Amino acid sequence: MKKQIEQLVLTALQRLAADGVIPQQAIHTPKIERTRDPKHGDFATNTAMVLAKPARKPPRELAQALLDALPASDLLERCDIAGPGFINFTLSAAAHHRLVPTILAQGHDYGRSDLGKGKRVQVEFVSANPTGPLHVGHGRGAAYGSVVADLLEAIGFDVHREYYVNDAGRQMDILATSVWLRYLELCDETLTFPANGYKGDYVWDIAATLHRDHREAYKQAAEAVFDGIPADEPDGGDKENHIDALIDRSKRLLGDNRYRFVFELGLNTILDDIRDDLSLFGVNYDEWYSERSLTESGAVNKAIERLRASNRLYEKEGALWFRSTDFGDEKDRVVVRDNGQTTYFASDIAYHMDKLERGFDRVIDVWGADHHGYVPRVKAALQALGDDPSKLDVLLVQFAILYRGGEKVQMSTRSGQFVTLRELRKEVGADAARFFYVMRKCEQHMDFDLDLAKSESSDNPVYYVQYAHARICSVFQQAAEQQIRFESEPNAVDYGRLSEPHEQSLLTSLAKYPEIIESAALNEEPHQLTHYLRELANDFHTYYNAHKFLIDDTRLRDARLHLILATRQVVRNGLNLLGVTAPEKM
RNA sequence: GCCCUCGUAGCUCAGCAGGAUAGAGCAAUCGCCUCCUAAGCGAUAGGUCACAGGUUCGACUCCUGUCGAGGGCGCCA
């Protein structure tokens, strides 16, 4: 509808330009907005005010000229000039009455569009290190990323969802070593677990699997493991040196193949858990992309060679540096360490190069806000490689700050002290958790009160929206029980009977839905949809309380029933996009 | 010290590429079920949009500065 008015005004502008009333270059796609106050009609445009300066004419005079040039349309009832030069458009009854049958005919597709024209977009999100179960911080990225992906798909993009698996690197070695040490403890060895090891219960579980399946085949004496290892932090040493020495010792004592086995056991167990967890949270991926595969395929070396070829690398203190400052980064970055190992950053360059080589028109990364300092160097690398950095969009999601009993909950994966996503899901349910997570702008800090989310979950707005859906279902349940027949053909209904203000505002809200989807998708702002659904549910609940649907006047009854049928469809479509269920009963 | 994000009602947040009187939800007070689910509805009250300048027909929105909150600044991942 908005689009149609936009076209009408554009045509008028072209006519004015042809008549020399406004300069040719002043023609632009007019901004058509919904009005806040119904007294101002349904839509308004400020075009006349914007044109006042280039046309050197008073805004109201221009507005009148614009109206005179406006093509006729049965969409509009009235067009008025108001205030300093706004043009207000009031939709005709015909436009309103066309809406309900349109929604019912389009069903699941109402609100969808082909705006994206099938362009390929990759959305990479969560990508948490597989060193432990996902916690509630990851949950926000999971909910946000998956809804952004769904929204983009809804407006016609070809979306590829991807999880980047950090299955290489030191953190994974720390995990493997942690598992092995716990295993040794299960073999009745006595040892002091490293301060920097992973201490969560899941590490015990993996160790127990190893012990169950292989008994003492991987056993070594604790003395042999710890002999000559530098002291840990509580003993006055350095915890990093301590754990690194333990990793080296583990590799040597176990040998390559057996160390690999423990490593893989840890990785696969945790990855399976993450996959399962996300799937139950309604988050699914097209691809799980392995960091290790980048090294193995030679992609990392290829990226480094390309940087070298473009003269962006130099050696300093035995390491290989990328001159990212050439592209606005605040300092240069190491890609190959003095010990010959490539850095995580080198993998990331290769990964992003690969993303663009795969032919995506647009690449979206959803990162935790703590990684924001990382954005300039990745963009710098893409630019250095001759790729277009503007194809990469990094969306930063602020961490949720958890509160329990009014106090901030400190979280650390290493110490095993965190609330897991799985716990949250079990306590408040996937629906409430997902809705809650995307209710706020991603860059907004979020206070997540666990006590509130867990104990008083009925306060959660998701129930308010779901309740509207269930209530509508219930009305039709009642109709069936009372054997009330109603018109089955939406086009045969007389929508002119919907004259109540509550009905008008409900119709207006329903008409807004496609605009909301488009805006939420283009701005990557799922919260627009949650807010919209709240308003729509509010319109319905208000209507429900003010008027009865199952009445004797059959014509009016038919009109009302079709109106709430359309409402149910839109609520369902919206919840579906958020990955939230639309229950028929509550 | 430098960089990023944020500062709107008692609390949690909206406010859409600047637009017509700043909006919700909790919490507070008062009402509404012989009637399609009260997980609901209505009403009242609550604001120098952190502060100071600037840009213009017009600023919560854009720019600069100050103050305040959180985060980031490794040959870690």
Side-chain angles (χ1 to χ4, degrees), chain A residues 31 33-37 39-40 44-46 49-50 52-53 58-59 82-86 88 129 131 166 168-174 240 291 316-321 330-331 333-345 347-348 368-376 396 398-399 401 439-447 449 452 456-464 466-468 470-479 481-482 484 515-516 519-520 522-523 525 527-528 530-532 534-535 537-538 540-551 560-561 564 585-586:
Chain A
K31 184 178 172 186
E33 314 181 275
R34 287 273 174 187
T35 57
R36 246 181 284 173
D37 188 339
K39 268 179 265 170
H40 300 134
T45 182
N46 62 350
M49 287 182 284
V50 175
K53 207 169 220 178
F86 289 102
N88 293 334
N129 283 352
T131 52
N166 298 120
R170 181 164 170 265
Q171 294 306 319
M172 288 308 298
D173 281 321
I174 295 177
E240 307 291 348
E291 178 189 358
K316 193 178 93 186
E317 292 161 10
L320 195 60
W321 296 70
E330 49 188 24
K331 48 167 57 166
R333 309 291 172 177
V334 172
V335 285
V336 183
R337 277 181 262 168
D338 58 2
N339 64 9
Q341 284 198 318
T342 55
T343 59
Y344 179 86
F345 178 46
S347 298
D348 244 6
D370 54 335
H371 285 70
H372 71 76
Y374 215 75
V375 180
L396 299 171
Q398 287 286 351
F399 281 137
I401 303 163
M439 258 171 53
R440 280 157 207 180
K441 278 191 298 205
C442 67
E443 71 264 30
Q444 188 75 279
H445 295 114
M446 182 162 116
D447 289 338
D449 187 331
L452 185 78
E456 296 175 63
S457 59
S458 65
D459 284 345
N460 199 304
V462 68
Y463 295 107
Y464 184 82
Q466 288 180 318
Y467 185 45
R471 258 185 161 175
I472 297 172
C473 291
S474 170
V475 171
F476 287 94
Q477 182 66 34
Q478 280 290 320
E481 279 170 20
Q482 294 173 31
I484 293 173
E515 297 157 30
I516 297 292
S519 168
L522 292 178
N523 296 300
E525 291 184 345
H527 76 273
Q528 288 190 30
T530 63
H531 283 271
Y532 166 80
R534 224 228 151 255
E535 278 166 32
N538 181 39
F540 171 72
H541 287 308
T542 303
Y543 182 36
Y544 181 96
N545 270 271
H547 302 283
K548 250 178 100 60
F549 311 134
L550 300 174
I551 48 177
R560 287 184 173 173
L561 287 177
I564 65 170
K585 262 193 185 140
M586 285 176 75

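The figures that follow rest on heavy atoms only: side chains count, while hydrogens, waters and symmetry mates do not. Just so you know, these numbers come straight off a predicted model, no measurement behind them. Naming: A, B, ... by sequence-line order, numbering from 1 per chain.
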Go through [options] for me and flag the one nearest to the [X] side chain.
X: A/F549; options: B/C41, B/C36, B/C16; answer: B/C36
X: A/A44; options: B/C75, B/G40, B/A20; answer: B/A20
X: A/R534; options: B/G25, B/A77, B/G71; answer: B/G25
X: A/R337; options: B/A39, B/C76, B/G18; answer: B/C76
X: A/V334; options: B/C16, B/G19, B/C75; answer: B/C75
X: A/D338; options: B/C75, B/A77, B/C36; answer: B/C75
X: A/E317; options: B/A77, B/C75, B/G40; answer: B/C75
X: A/N538; options: B/C41, B/G25, B/C76; answer: B/C41

Shortest non-hydrogen separation from A/I516 to A/Q528 and the atoms involved: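 Minimum heavy-atom contact is CG2-O, 3.9 Å.
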
Which heavy atom of A/G85 sits nearest to which heavy atom of A/P59, and what is that distance?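 That closest heavy-atom pairing would be CA-CB, 4.3 Å.
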
Within the 4.5 Å heavy-atom criterion, are [X] and [Y] side-chain neighbours or not?
X: A/R534; Y: A/M439; answer: no
X: A/V50; Y: A/T45; answer: no
X: A/Q171; Y: A/N166; answer: no

Residues in side-chain contact (heavy atoms from CB on, under 4.5 Å) contact with [X], at least two apart in sequence or another chain:
X: A/Q478; answer: A/E481, A/Q482, A/L550
X: A/V336; answer: A/I304, A/L320, A/T342
X: A/L522; answer: A/L115, A/I155, A/E518

Identify whether any heavy atom of [X] sits under 4.0 Å from a base atom; if not, whether one sits that close to sugar-phosphate; answer base, sugar-phosphate or nothing.
X: A/A168; answer: sugar-phosphate
X: A/H527; answer: sugar-phosphate
X: A/D348; answer: nothing
X: A/Y464; answer: sugar-phosphate
X: A/F345; answer: nothing
X: A/K331; answer: sugar-phosphate
X: A/M49; answer: base
X: A/A468; answer: nothing

Between the protein and nucleotides 44-46 of chain B, list the N/O to N/O atom pairs that are separated by less than 3.5 angstrom.
none

A/N166 CG - B/C76 P separation (whole Å):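 In whole Å, B/C76 P lies 15 Å from A/N166 CG.
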
Roughly, in whole Å, what's the span from CZ in A/R440 to P in B/G25?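 It works out to 15 Å between those atoms.
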
When the [atom1] atoms of [N] and [M] are considered, how many whole Å apart are they?
N: B/A24; M: B/G15; atom1: C1'; answer: 10 Å
N: B/A45; M: B/C63; atom1: C1'; answer: 38 Å
N: B/G7; M: B/A17; atom1: P; answer: 15 Å
N: B/C4; M: B/U66; atom1: P; answer: 13 Å
N: B/G46; M: B/G1; atom1: C1'; answer: 42 Å

Could you provide the dot-bracket string of RNA chain B, using ( ) for intrastrand pairs, [ ] for crossing pairs and | for bases paired to another strand, with Watson-Crick or G-U pairs below 3.5 Å? (((((((..((((.....[...)))).(((((.......))))).....(((((..]....))))))))))))....

Taking for each residue the nucleotide of RNA chain B bearing the nearest heavy atom, is the 5' side occupied by A/H547 or by A/N129?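 Upstream on the strand: A/H547.
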
Nearest nucleotide by nearest heavy atom, which residue falls closer to the 5' end of RNA chain B, A/K31 or A/T342?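 It is A/K31, whose closest nucleotide lies nearer the 5' terminus.
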
Could you list the residues that satisfy salt bridge (charged side-chain N to carboxylate O under 4.0 Å, His left out) with A/R333, not counting sequence neighbours?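 A/R333 satisfies salt bridge (charged side-chain N to carboxylate O under 4.0 Å, His left out) with A/D329 once adjacent residues are dropped.
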
Sequence neighbours excluded, which residues qualify as salt bridge (charged side-chain N to carboxylate O under 4.0 Å, His left out) partners of A/D173?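 Here the qualifying residues are A/K251.
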
Mind checking ring-ring contact (aromatic ring centres under 6.0 Å, His included) for [X] and listing every partner two or more places apart, or none if nothing turns up?
X: A/Y543; result: A/H547, A/F549
X: A/H541; result: A/Y464, A/Y467
X: A/F540; result: A/Y544
X: A/H40; result: none

Distance test, side-chain N/O of A/T542 to OP1/OP2 of B/G42, below 4.0 Å: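 Result: yes.
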
Is the glycosidic angle of B/C6 within 90° of 0, making it syn, or outside that range, making it anti?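 Here the answer is anti: the torsion falls beyond 90° from 0.
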
For A/F86 and B/A20, is the gap between ring centres under 5.5 Å while the planes differ by less than 30°?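 Whether judged by distance or by angle, A/F86 passes, so it stacks on the base of B/A20.
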
Has the side chain of A/D370 got a donor or acceptor that lies under 3.5 Å from a partner of the other kind on the base of B/G72?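 No pair found.
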
For nucleotides 4-10 of chain B, tabulate all protein N/O to nucleotide N/O atom pairs closer than 3.5 Å, reporting atom names and distance.
from, atom 1, to, atom 2, distance (Å)
B/U5, O2', A/E443, O, 3.0

